[in-house]
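I have placed the structure first, in the form of structure tokens, so that the comments after it can refer back to it.
Quick note: numbers below take in every heavy atom, side chains included, and nothing from hydrogens, waters or symmetry partners.
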Amino acid sequence: MGPRDVLRVGGAGLRTRPMRAFLSALGIAIGIAAMVAVVGISSSSRAELDRQLAALGTNLLTVAPGNTLFGEDATLPVESVAMIGRIGPVRQVAATGKVADSKVYRTDRIPAAQTGGISTQAAHLDLPETVGATLADGVWLNGATQRYPAVVLGSAAAERLGIGGAGPDIQVYVGGRWFSVVGILAPVPLAPELDSAALVGWPAARSYLDFDGHPTTVYTRSEDSAVEAVRAVLAATANPQAPNEVKVSRPSDALAARQATDQAFTGLLLGLGAVALLVGGVGVANTMVISVLERRAEIGLRRSLGATRGQIRLQFLAESLLLSALGGAGGAVLGTAVTATYAITQTWPTVVPAWALGGGVAATLVIGAFAGLYPAIRASRLAPTEALAAP
């Protein structure tokens with residue numbers, strides 16, 4: 001038989017039992033859809049991370065105080081920001097300083113124990129440009145407002161305080177006095193600690209909140225080619241007398257670590273998809289075995305008319321491959337649709353690797369070949385007289 005004849009004869013069994021064929025192909029489709037969707041969603045998430053890093057940059061380094069040799073909390077010198085700014089490749093530097101014992105409340109009637117996890121931070125004016133922060137509402141501090149009781153809230157801080165917008169009539173109670181909310185930040189991916197902070201001007205923190213002037217986090221932007229070189233000298237530059245008490249980190253590394261965790265989870269989901277695919281393969285094998293038992297009379301008639309054992313084997317093997325191919329193609333389409341839907345809801349780019357689609361369909365053909373091999377061999381071994389005598 002030629003290839004066209006093989007396809008026609010193999011498809012005849014599927015056309016005569018459409019519901020059974022559909023249910024068997026559905027098992028394969030679910031497994032392939034699960035695998036394609038997992039790979040697609042993971043790839044879309046990775047593409048979104050790459051897009052974010054391209055927009056935010058990977059050249060942001062942070063400097064923070066560590067611990068002394070005796071385990072106590074260290075501090076950065078007041079001059080550390082200026083000293084870091086003198087490093088040649090450093091293009092931007094800004095700092096925040098935690099203001100101790102300055103809690104943030106919506107009103108002055110809230111019990112002191114209910115802080116909501118919001119910290120008060122003194123901030124430099126060029127902080128947004130350095131960390132890549134944007135305003136969701138209102139404006140950032142300027143040369144005037146940094147000296148007066150004005151505050152910019154992080155996204156999470158504003159949500160916890162129940163503040164949806166900034167304005168001169170919107171005030172919060174900070175450190176025992178009222179501050180006007182002039183702005184609300186959008187989430188800051190590379191500096192998530194700012195999301196739950198209330199940011200006030202450096203001079204205002206000194207004047208109204210008894211701020212000691214020591215920075216607690218210094219953010220630096222360097223030339224891309226010099227990031228590692230700058231990282232190597234930051235600790236000694238920030239605190240020359242005790243560089244071992246300084247912690248230097250790269251926020252983009254944290255995002256990459258999170259992506260690595262997501263990839264490990266993706267591997268687990270792929271394993272579950274493979275199990276579903278195996279179950280679908282067992283369903284195909286079961287369908288083909290039942291098909292052989294039901295069609296013994298047909299097999300006997302074909303053998304008596306001159307069909308060889310090889311042709312019978314080829315017929316049932318082709319039927320199994322067609323059934324698996326239909327399930328694989330349907331699963332690839334379904335998995336792509338699931339990926340696209342999820343990516344759109346997350347405002348991610350939709351990315352489905354070609355190898356995932358091709359590999360999924362190829363896997364179904366391999367499973368279909370194995371699933372149909374035993375029923376095909378069993379059908380070919382039926383003697384014509386035995387098959388024709390079957391009820």
Side-chain angles (χ1 to χ4, degrees), residues 3 6-7 10-11 14 21-56 58 189 252-285 287-288 314 317-374 376:
V6 173
L7 291 176
L14 303 182
F22 170 76
L23 294 176
S24 299
L26 183 62
I28 290 285
I30 291 174
I32 292 297
M35 298 180 71
V36 171
V38 167
V39 173
I41 291 174
S42 175
S43 298
S44 299
S45 174
R46 194 153 43 247
E48 172 64 13
L49 176 62
D50 293 340
R51 187 189 66 80
Q52 286 183 0
L53 291 178
L56 299 172
T58 58
S252 57
D253 290 343
L255 291 179
R258 186 185 68 186
Q259 184 63 40
T261 303
D262 292 342
Q263 290 177 7
F265 187 62
T266 296
L268 174 63
L269 294 179
L270 281 176
L272 295 177
V275 171
L277 185 59
L278 180 61
V279 172
V282 172
V284 171
T287 297
M288 295 307 301
L314 190 60
L317 189 59
E319 185 174 330
S320 177
L321 288 173
L322 285 174
L323 188 59
S324 299
L326 289 174
V333 173
L334 181 60
T336 301
V338 170
T339 299
T341 302
Y342 187 82
I344 290 172
T345 60
Q346 299 294 319
T347 65
W348 294 350
T350 301
V351 179
V352 180
W355 65 263
L357 297 175
V361 175
T364 60
L365 293 178
V366 172
I367 289 178
F370 279 103
L373 190 59
Y374 169 73

Side-chain donor-acceptor pairs of residues 320-328 under 3.5 Å, sequence neighbours excluded:
| residue | atom | partner | partner atom | Å |
| --- | --- | --- | --- | --- |
| S320 | OG | G368 | O | 2.6 |
| S320 | OG | G372 | N | 3.3 |
| S324 | OG | S320 | O | 3.1 |

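- With hydrogens and angles ignored, the 3.5 Å screen pairs a side-chain donor or acceptor of S44 with a backbone N or O of V351.
- For the pair A29 and G330, the tightest heavy-atom approach, listed with the atom from each and the gap, is CB-C, 4.3 Å.
- Without hydrogens or angle criteria, T339 side chain to G335 main chain gives a donor-acceptor distance under 3.5 Å.
- For the atom pair OG1 (T350) and CH2 (W348), the distance works out to 10.5 Å, reported to the nearest 0.5 Å.
- Judged by distance alone, with hydrogens and angles left aside, the side-chain atoms of S42 form no donor-acceptor pair with the main-chain N or O of V39 at under 3.5 Å.
- A side chain to side chain contact (heavy atoms under 4.5 Å, CB included) with I32 holds for exactly one of I367, L334, V333, T364; it is T364.
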